[in-house]
Amino acid sequence: MVAITVNGRAVEIESSMSVEQMLDTVDVPPNYLAVEINGEVVAREDYAITNVNAGDEVEVVTLVGGG
Amino acid sequence: MPAVIDLQDSPLTIGTHTLQSRMIVGTGRYDTMEQMRDSLDASGADCVTVAVRRERLYDRDGKNILDFLDLDRYTLLPNTAGCYTAADAVRAAKLGREILKTLGNPGADWVKLEVLGDSRTLLPDPTETLHACQTLADAGFQVLCYTSDCPVTAQKLKAAGAASVMPAGSPIGSGQGLLNKNNLQIILEYLKEDDPDYPVIIDAGVGTASDISEAFELGADGVLLNTAIAHAKDPIRMARAMKYASLAGRDAFLSGRIPKRLYGTASSPAEGVISTRPYGSQA
């Protein structure tokens with residue numbers, strides 16, 4: 001198991017995986033989301049080639065209502 | 001031949017963006033997504049603000065705001081609301097840009113920068129705002145910068161590269177209208193002195209339709225509001241009121257108001273009046 005942090009919460013995933021694979025586990029269209037790993041935004045075109053590794057701090061954000 | 005009367009207004013230009021409506025509306029605090037969608041429609045706005053937030057990956061309610069916004073109709077303006085440091089605001093701006101890029105929305109290259117200094121008043125932090133404004137402008141963002149009604153800060157933000165400076169009418173969500181019209185007028189004069197087309201947008205504090213009219217009558221190029229519509233008893237009707245109030249205020253500004261005078265001036269002819277003047281008053 002690999003321990004990572006997603007949106008401030010400790011999460012364990014079975015193994016290192018790509019951002020694309022990670023987002024496949026949630027029911028949200030990927031184009032509604034943006035992903036940051038250790039403070040760096042991951043470009044959508046890099047989701048398949050960027051891995052989430054042990055100890056990574058991952059932020060997954062979307063848009064919500066605001067003024 | 002009757003004279004051709006052209007009552008068209010020019011579009012609102014902010015950096016490389018052009019908006020047909022001078023009213024920008026927020027998408028927060030509505031009871032339902034459907035109510036938000038219909039209120040935006042009634043407002044006539046073609047630019048709407050949205051916030052960047054952590055996705056609730058494990059307890060989704062199944063509704064995303066993007067399912068209720070016609071991206072062919074609206075340019076989204078992502079904001080950095082809720083940020084209290086320049087670093088957080090820059091992060092939020094970059095994440096918002098990434099989402100809008102993947103959606104193909106033209107709003108990807110701009111941001112409504114908001115860096116707060118106090119959670120109770122929601123007043124902006126001027127030093128953190130200035131720092132974030134410089135960083136984001138250097139990173140290629142067109143920054144629409146929320147600020148207080150302080151003319152000195154407004155000048156610094158323009159100098160730092162803000163595509164638009166957006167002074168508050170009064171605290172966010174307070175509905176108090178324009179509390180310091182003198183300062184707002186000074187900001188408008190200073191920022192437009194050598195640059196008449198520089199867009200100054202009054203952001204925050206609008207409570208009702210007359211507030212938005214007043215902002216445009218002062219000479220604001222645009223007004224940004226959210227809660228006054230979303231928390232009205234009838235948001236859709238209030239959105240329509242805001243639309244017409246913005247058009248009325250803007251037309252009044254472009255028309256040029258008469259100067260205020262201490263004494264009355266009759267609009268009917270003074271000659272041929274059938275009367276005698278009381279109290280010996282002058283003709």
Side-chain angles (χ1 to χ4, degrees), chain A, chain B residues 24-30 33 36 48-58 60 62-69 71 76-82 87 90-105 107 112 114 146 172-173 203-204 206 224-230:
Chain A
M1 297 294 278
V2 173
I4 60 172
T5 305
V6 180
N7 291 354
R9 288 174 52 172
V11 174
E12 290 210 327
I13 53 177
E14 286 194 9
S15 63
S16 292
M17 61 173 70
S18 69
V19 170
E20 188 174 67
Q21 287 169 315
M22 186 187 75
L23 294 183
D24 276 348
T25 65
V26 295
D27 184 26
V28 187
N31 63 335
Y32 283 12
L33 303 172
V35 177
E36 189 189 69
I37 299 179
N38 301 327
E40 293 292 326
V41 176
V42 182
R44 173 109 188 276
E45 55 269 27
D46 294 336
Y47 283 1
I49 57 167
T50 303
N51 263 19
V52 182
N53 299 309
D56 279 350
E57 304 246 347
V58 181
E59 288 285 342
V60 184
V61 301
T62 189
L63 299 177
V64 299
Chain B
I24 300 173
V25 292
T27 56
R29 310 188 77 178
Y30 286 94
M33 294 282 194
M36 175 205 73
V48 300
T49 52
V50 287
V52 178
R53 286 290 180 276
R54 282 176 164 168
E55 173 58 53
R56 293 173 295 170
L57 293 170
Y58 304 100
R60 274 185 56 72
K63 285 187 176 180
N64 189 293
I65 192 171
L66 292 168
D67 293 324
F68 293 83
L69 292 174
L71 297 181
L76 303 189
L77 173 58
N79 69 30
T80 65
V90 170
R91 276 180 76 191
K94 288 182 175 174
L95 287 163
R97 175 169 68 179
E98 193 60 28
I99 297 175
L100 293 183
K101 263 164 58 184
T102 62
L103 291 169
N105 192 267
K112 178 193 161 184
E114 184 178 311
Y146 171 68
I172 293 170
D203 177 8
V206 169
L224 197 160
L225 74 158
N226 187 154
T227 308
I229 295 175

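Below, each value reflects all heavy atoms present in this structure, side chains not excepted, and no hydrogens, waters or symmetry copies.
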So which part of [X] gets closer than 4.5 Å to some heavy atom of chain A, the side chain, the backbone, both or neither?
X	value
B/L76	side chain
B/L225	neither
B/R29	neither

Pair B/N64, A/T62: side-chain N/O donor-acceptor within cut-off below 3.5 Å
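The answer is yes; a qualifying pair exists.
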Could you name the residues of residues 42-54 of chain A that have a heavy atom within less than 4.5 Å of a heavy atom in chain B?
A/V42, A/A43, A/R44
Taking every non-hydrogen pair under 4.5 Å, which of B/N226, B/T102, B/I24 racks up the most with chain A?
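With the most close heavy-atom pairs to chain A, the winner is B/T102.
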Quick one: of B/V50, B/I65, B/L95, B/I172, who has the most non-hydrogen atom pairs under 4.5 Å with chain A?
B/L95
Apply salt bridge (charged side-chain N to carboxylate O under 4.0 Å, His left out) to B/K101 and list each qualifying residue two or more places apart in sequence or on a separate chain.
B/E98
Report the residues that fulfil salt bridge (charged side-chain N to carboxylate O under 4.0 Å, His left out) with B/R54, sequence neighbours left out, ordered by chain and then residue number.
A/E59
Minimum heavy-atom separation for [X] and [Y], please, with both atom names.
X	Y	value
A/G67	B/E114	O-OE1, 4.4 Å
B/I99	A/V61	CD1-O, 3.7 Å
B/P78	B/G96	CB-CA, 4.4 Å

Taking salt bridge (Lys or Arg N to Asp or Glu O under 4.0 Å) as the cut-off, I'd like each qualifying pair that reaches into residues 32-41 of chain A, sequence neighbours left out, listed once.
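Applying salt bridge (Lys or Arg N to Asp or Glu O under 4.0 Å) to every pair that reaches into residues 32-41 of chain A, excluding sequence neighbours, yields A/E36-B/R91.
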Report yes if some heavy atom in the side chain of B/D67 is under 4.5 Å from a heavy atom in the side chain of A/Y32; otherwise report no.
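Result yes, sub-4.5 Å side-chain heavy-atom pair found.
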